[in-house]
Amino acid sequence: MSSSNVKDSSFLGGRIPPEIESMSKNLKDVDQELFRKLLKVVVSALEGKDCREVMKSIAESSVIPQERLSHIVAGMHRLLSEAIRIPTSLLKQEAFKEDLRELRIPEDFIIDFSSVVFGNRRAALEAASSQNDPHLPTLEEFKWRVDVSISTSSLARALQPSILMQLKLSDGSFQRFEVPVSKFQELRYNVALILKEMNDLEKRSILKIQD
């Protein structure tokens, strides 16, 4: 079976990243000793360490052409990055191994990949990944109050209530804004609609988490 036909339930999604497909093809004739050296380098790089000298030493001593090694390392990095982003409550070890078998990755290498994704270094990899990934400030505090304008330049707005909101973000900044009652009702409706749709999706058996 071609690696491009991996089942839709793969942790990589419906389309296999080209780096991983290339890695799978270039792993032929790679012995386990070299594979583990490369895997160690990739794991260290994911943890934020500088591995350029180590990688240079491996490339100089290996009989595998440097171009092939580059494809292998890039694929390893992409594969582990994708796997680490998925919580272990959703990504089961046997399913992960089966996905790699579909890619025609040798069984010994699958075991080594699995030991990284589900082993004791996962916590460090997750922490490094969360720090390196681009992200927006998160919400730390939310305050609101109802305000009624008794007198304004527009008679139509007199005695009309509005919602004043203040957000405190993780970067220390504050965002303040005013929401008319009509827009607040629209927001409330859309949030309720999204929650209902999420609840409907969770009831579908195809999306239920299997232990």
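Since the structure is predicted, the reported quantities are computational estimates derived from the model, not experimental observations.
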- Should E21 and K25 be marked as a salt bridge (Lys or Arg N to Asp or Glu O under 4.0 Å) after you check the CA-CA gap, both sets of side-chain angles, and the distance that decides it? CA-CA 7 Å; E21 285 196 326; K25 295 173 183 177; 5.4 Å; no
- Could you walk me through whether R52 and M55 pass the side-chain contact (heavy atoms from CB on, under 4.5 Å) test, one step at a time? CA-CA 5 Å; R52 287 174 293 183; M55 190 64 223; 5.8 Å; no
- Kindly determine whether K49 and E47 satisfy salt bridge (Lys or Arg N to Asp or Glu O under 4.0 Å), including the steps that lead there. CA-CA 6 Å; K49 300 173 184 175; E47 291 175 341; 3.4 Å; yes
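In this structure the side chain of L125 never reaches within 4.5 angstrom of the side chain of L80, judged on heavy atoms. Residues M23 and I105 meet the side-chain proximity criterion, which asks for heavy atoms closer than 4.5 Å. In this structure, K56 and E60 have side chains that are in contact, with non-hydrogen atoms separated by less than 4.5 Å. Contact annotation: the side chain of L100 approaches that of L79 to within less than 4.5 Å [non-hydrogen atoms, C-beta and beyond]. Contact annotation: the side chain of E141 approaches that of K143 to within less than 4.5 Å [non-hydrogen atoms, C-beta and beyond]. The shortest side-chain heavy-atom distance between V181 and S162 does not fall under the 4.5 Å cut-off. Residues D147 and E178 form no side-chain contact, since every pair of their non-hydrogen atoms from C-beta on lies 4.5 Å or further apart. Residues L187 and N190 form no side-chain contact, since every pair of their non-hydrogen atoms from C-beta on lies 4.5 Å or further apart.
In this structure, CG on L91 lies 13.5 Å from CZ on R85, to the nearest 0.5 angstrom. Taking CD of E140 as the start and CG of D171 as the end, the distance is 8.5 Å to the nearest 0.5 Å. If you take OG1 on T88 and CZ on R122, they are separated by 5.5 Å, rounding to the nearest 0.5 Å. R15 CZ to L12 CG: the interatomic distance, rounded to the nearest 0.5 Å, is 12.5 Å. Remark: I72 CD1 to L39 CG distance equals 11.5 Å, nearest 0.5 Å. Put simply, CG on L69 and CD1 on I64 are 6.5 Å apart, with the number rounded to the nearest 0.5 Å.
Residue pairs meeting the ring pair (Phe, Tyr, Trp, His ring centres under 6.0 Å) criterion with at least one partner in residues 59-108, sequence neighbours excluded, are F11-F96, F96-F118. Residue pairs meeting the ring pair (Phe, Tyr, Trp, His ring centres under 6.0 Å) criterion with at least one partner in residues 43-70, sequence neighbours excluded, do not occur; the list is empty. Screening residues 173-204 for ring pair (Phe, Tyr, Trp, His ring centres under 6.0 Å), with sequence neighbours left out, gives no hits.
Contact between I20 and G75 at its shortest, heavy atoms only, is CG1-O, 3.8 Å. Counting all heavy atoms, side chain and backbone alike, A74 lies closest to E19 at O-CB, 4.1 Å.
Looking only at atom types and distance, the side chain of E67 has no donor-acceptor partner in the side chain of N26 under 3.5 Å away.
With hydrogens and angles ignored, the 3.5 Å screen pairs a side-chain donor or acceptor of S70 with a backbone N or O of Q66. One N or O on the side chain of S115 and one on the backbone of D112 form a donor-acceptor pair closer than 3.5 Å. Checked by atom type and distance alone, the side chain of S24 pairs as donor or acceptor with a backbone atom of L103 at under 3.5 Å. With S61 contributing its side chain and I58 its backbone, the two residues share a donor-acceptor pair below 3.5 Å. Side-chain atoms of S44 come within 3.5 Å of backbone N or O of K40 as a donor-acceptor pair.
The same ILVMFWY cluster, assembled from side-chain heavy atoms under 4.5 Å apart, contains both L46 and I86. L27 and I111 are assigned to two separate hydrophobic clusters, defined by single-linkage of ILVMFWY side chains at heavy-atom distances under 4.5 Å.
Checked against salt bridge (Lys or Arg N to Asp or Glu O under 4.0 Å), K28 has no partners two or more places apart in sequence or in another chain. Take F113 and apply the ring-ring contact (aromatic ring centres under 6.0 Å, His included) test, not counting sequence neighbours, and it matches F35.
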Please tabulate, for the side chains in residues 163-170, all donor-acceptor contacts under 3.5 angstrom to protein atoms that are two or more places apart in sequence or on a different chain.
{"residue": "Q166", "atom": "OE1", "partner": "R176", "partner atom": "NE", "Å": "2.8"}
{"residue": "Q166", "atom": "OE1", "partner": "R176", "partner atom": "NH2", "Å": "3.4"}
{"residue": "S170", "atom": "OG", "partner": "T138", "partner atom": "N", "Å": "2.9"}
{"residue": "S170", "atom": "OG", "partner": "T138", "partner atom": "OG1", "Å": "3.4"}

